[in-house]
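So the structure is just underneath, and the comments pick up after that.
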Protein chains: 2
Amino acid sequence: MLTKKELKAYCANASENYLPHISIDCVVFGFHEGLMKVLLSEMKNEGEWYLPGGFVLKSEPIEMAANRILKERTGLDEIFLQQFYVFGAPERSKEHFEMYKDMLPPKENWFSNRFLTIGYYALVDFCETNPTPDQFSATCNWCDLNDLPALKLDHALILTTALDTLRLQLNYQPLGYNLMPKEFTMPELQKLYETILDKKLDRRNFQRRMLAFGILKRSEQLRKGGAHKAPYLYSFDLENYEAALKEGFKGGW
Amino acid sequence: MLTKKELKAYCANASENYLPHISIDCVVFGFHEGLMKVLLSEMKNEGEWYLPGGFVLKSEPIEMAANRILKERTGLDEIFLQQFYVFGAPERSKEHFEMYKDMLPPKENWFSNRFLTIGYYALVDFCETNPTPDQFSATCNWCDLNDLPALKLDHALILTTALDTLRLQLNYQPLGYNLMPKEFTMPELQKLYETILDKKLDRRNFQRRMLAFGILKRSEQLRKGGAHKAPYLYSFDLENYEAALKEGFKGGW
DNA sequence: TACAATTGTGTCAACAATACACTAAGAATT
DNA sequence: AATTCTTAGTGTATTGTTGACACAATTGTA
C-alpha cells in the first residue's frame with residue numbers, strides 16, 4: 001500500500017497524463033516445464049493479487065499502451081498481443097477504490113473513478129521474460145495456471161475469458177511461435193497444446209496434423225542429452241506461420 | 001448540423017451524464033430479399049454517413065448502453081448483440097470534432113475529446129426493425145452491404161471488422177435465429193449463409209450439414225404460393241440452438 | 001400435356017480423423 | 001555385451017466427413 005503522499009503524487013500525475021475511466025489489463029501466458037503460467041502481481045498489501053495493468057496516455061494508441069505496460073512488466077518488446085474484451089460493469093473497480101478512499105477525497109482520487117478495462121492477452125517465451133513489479137506491487141511473478149491465488153476485482157473473470165479466447169483461437173490459427181523457444185521438439189510442442197486444451201492428444205496423429213499445416217521446419221539436428229532416443233528439433237517456418245495466422249486453419253482439436 | 005444553441009445544450013448534457021472519452025458504435029446487420037443490409041445514419045449535413053452510435057451513462061453497464069442505443073435506433077428490445085473490438089487510435093475522432101470546433105470552445109465542446117469506441121455488432125430481423133434517426137441525423141436507413149456510401153471517421157474499418165468477426169463466428173457457432181423470421185425454408189436459410197460468406201454453397205450438402213447440427217425443426221407445412229415446388233418450412237429449435245451457441249460447432253464452411 | 005424451374009432425397013469417391021502396432025535409439029542394469 | 005526400460009519416429013486399417021453429382025417429385029406456365 002502506498003503512503004498518503006505517494007498516493008497523492010500518483011493521482012495528480014495520473015489525472016494529468018492518462019485518459020480517465022479507461023484501464024488496460026493484461027493476461028500474460030507463458031509455458032514452462034509442461035505447465036501454463038500466468039504473470040501476476042502481488043500488491044504490497046500481502047495476499048492481494050492482480051493481473052498486470054495500467055492506463056492509457058492521453059494521446060497514445062491503446063495498442064501502444066498495452067505494449068508499454070508489458071514492456072515494463074516483462075522487459076520484452078514486440079510481444080504477441082491481442083485485445084479480447086472490454087469489461088465495463090459499473091461497479092467493477094469499486095473494490096479497488098475502497099482501499100484508498102480514506103486517504104484522499106474522491107475529487108483528487110484517481111481510483112474513485114469508474115474504470116472500463118480493455119483486456120489484452122499476451123503470449124511470451126517464459127525464459128526470455130524478466131518479471132518486474134510496479135510501484136504498487138511487492139512482486140511480479142509467474143503463477144501456475146492450475147494453481148492460482150484468488151484474484152481481486154474481476155480479474156479472475158478476465159483471466160478466464162482470455163483463456164477461453166486462447167482455446168478458441170487454437171481451432172483456427174497456428175499457435176506456439178510466441179510461447180516456445182526458437183527450437184523445440186515435437187513432443188514439447190504437443191505438451192503445449194495438451195496443456196492449453198487440458199487434454200491428452202495422440203502422439204502420432206498430432207505429429208501428422210501439425211506437419212500437414214506446413215508451418216514447421218525440421219532441423220537435421222537432434223536434441224541430445226535426454227535420457228532416451230534423441231528427438232528431432234523443429235522451428236517454425238515464419239513465412240508460412242504468418243500466412244496461416246491470416247488465413248486460418250480449417251478444423252479444430 | 002446542429003445550431004450553436006443545440007450543440008451547447010447537447011454538450012452540457014453529455015458532459016453531465018456520459019462517461020467522457022468512450023463511445024459505442026453498432027453495426028446492425030439485417031437480411032432481406034437475399035441481400036445483407038446494414039443500418040446507417042445520414043447526418044443532417046448531406047452525404048455524411050455514420051454507423052449508429054452513442055455514449056455510456058456514468059453508471060450504466062456498457063452492454064446496457066449498447067442495448068439502449070439500439071432500442072432507440074431500431075425500436076427493438078432483446079437484440080442479439082456482441083462486442084467485438086475497441087478502436088482506440090488517438091486521432092480517430094478528430095474529424096468529427098473539426099465539424100463543430102468553430103461553434104464551441106474546446107473546453108465546453110464534448111466532441112473535442114478523444115474517443116475510444118467500443119464496437120458491437122447486432123443481428124436483427126429486418127422486417128421487425130423500425131429505423132429511427134437520432135438528433136444529428138436526417139435519416140436512419142438500411143443500406144445494402146455491397147453498395148455502401150463512404151463512411152466518416154473510421155466507421156468503414158469498424159464495419160469491415162464486424163463483418164470479419166461475423167464470418168469467423170459462422171465457423172463455430174449457429175447463426176440465423178436472429179436474422180431470419182420465425183419460419184423459413186431451407187433455400188432461404190442457405191441464401192443467408194451464401195450472402196454472409198459471399199460464395200455459393202451446394203444445396204444438398206448445405207441441407208445435410210444444417211440438419212446434422214440438430215438446431216432445426218421441420219414443420220409439416222409447406223410454403224405455398226411460390227411458382228414451383230413448395231418447400232418445407234423450418235424453424236429453429238431454440239433449446240438446441242442455445243446449446244450450440246455455447247458449445248460451438250466443429251468444422252467450418 | 002409438355003416444359004421449365006425448383007425442391008427433396010440418395011449415392012459414391014476422395015479425403016480426413018481415429019485408433020492402434022511396430023521399429024529404432026539412448027541409457028541404465030545385469 | 002546383452003537385457004530392459006523409456007521415449008521417439010513411422011505406418012496402416014478403419015471409420016467418419018465432405019464434396020460432387022443424379023434423379024425423382026411438385027408446381028405454374030406455355
Self-check item: Intermediate values then yes/no, ring-ring contact (aromatic ring centres under 6.0 Å, His included), Phe84(B) and Tyr120(B)
Solution: CA-CA 6 Å; Phe84(B) 66 94; Tyr120(B) 279 85; 8.0 Å; no
Practice problem: Starting from the C-alpha separation in whole Å, work towards a yes-or-no answer on side-chain contact (heavy atoms from CB on, under 4.5 Å) for Thr165(B) and Gln169(B). | Solution: CA-CA 6 Å; Thr165(B) 308; Gln169(B) 208 104 353; 3.8 Å; yes
Without decimals, in angstroms, what is the distance between [X] [atom1] and [N] [atom2]?
X         : N       : atom1 : atom2 : value
Asn205(B) : dA22(D) : CG    : P     : 13 Å
Leu189(A) : dG9(D)  : CG    : P     : 12 Å
Tyr232(B) : dT27(D) : OH    : P     : 11 Å
Lys229(A) : dA28(C) : NZ    : C1'   : 19 Å
Gln207(B) : dT18(D) : CD    : P     : 15 Å
Lys199(B) : dT18(D) : NZ    : C1'   : 12 Å
Arg218(B) : dT7(C)  : CZ    : C1'   : 11 Å
Lys191(B) : dT7(C)  : NZ    : P     : 11 Å

Listed partners of [X] passing ring-ring contact (aromatic ring centres under 6.0 Å, His included), at least two apart:
X         : answer
Tyr234(B) : none
Tyr241(B) : Tyr177(B), Phe236(B)
Phe115(B) : Phe55(B), Trp110(B)

Identify all pairs in which a protein N or O lies below 3.5 Å from an N or O of nucleotides 28-30 of chain D, and state each distance.
unit_1	atom_1	unit_2	atom_2	d
dG28(D)	O4'	Ala227(B)	O	2.9

Quiz item: Counting side-chain heavy atoms from C-beta on, which of dT18(C), dA8(D), dG8(C) comes nearest to Pro231(A)?
Solution: dA8(D)
Self-check item: Selection from dG19(D), dA17(C), dA25(D) that lies nearest to any side-chain heavy atom of Arg209(A)
Solution: dA17(C)
Under-3.5 Å donor-acceptor pair between [X] side chain and [N] base:
X         : N       : value
Arg204(A) : dA8(D)  : no
Arg203(A) : dG9(D)  : yes
Arg208(B) : dG19(D) : yes

Quiz item: Taking only residues two or more places apart in sequence or in another chain, which ones pass side chain to side chain contact (heavy atoms under 4.5 Å, CB included) with Arg204(A)?
Solution: Asp202(A)
Validation: residues 136-150 of chain A side-chain donor-acceptor distances under 3.5 Å, sequence neighbours left out:
unit_1	atom_1	unit_2	atom_2	d
Ser137(A)	OG	Asp134(A)	OD1	2.6
Asp144(A)	OD1	Lys37(A)	NZ	2.6

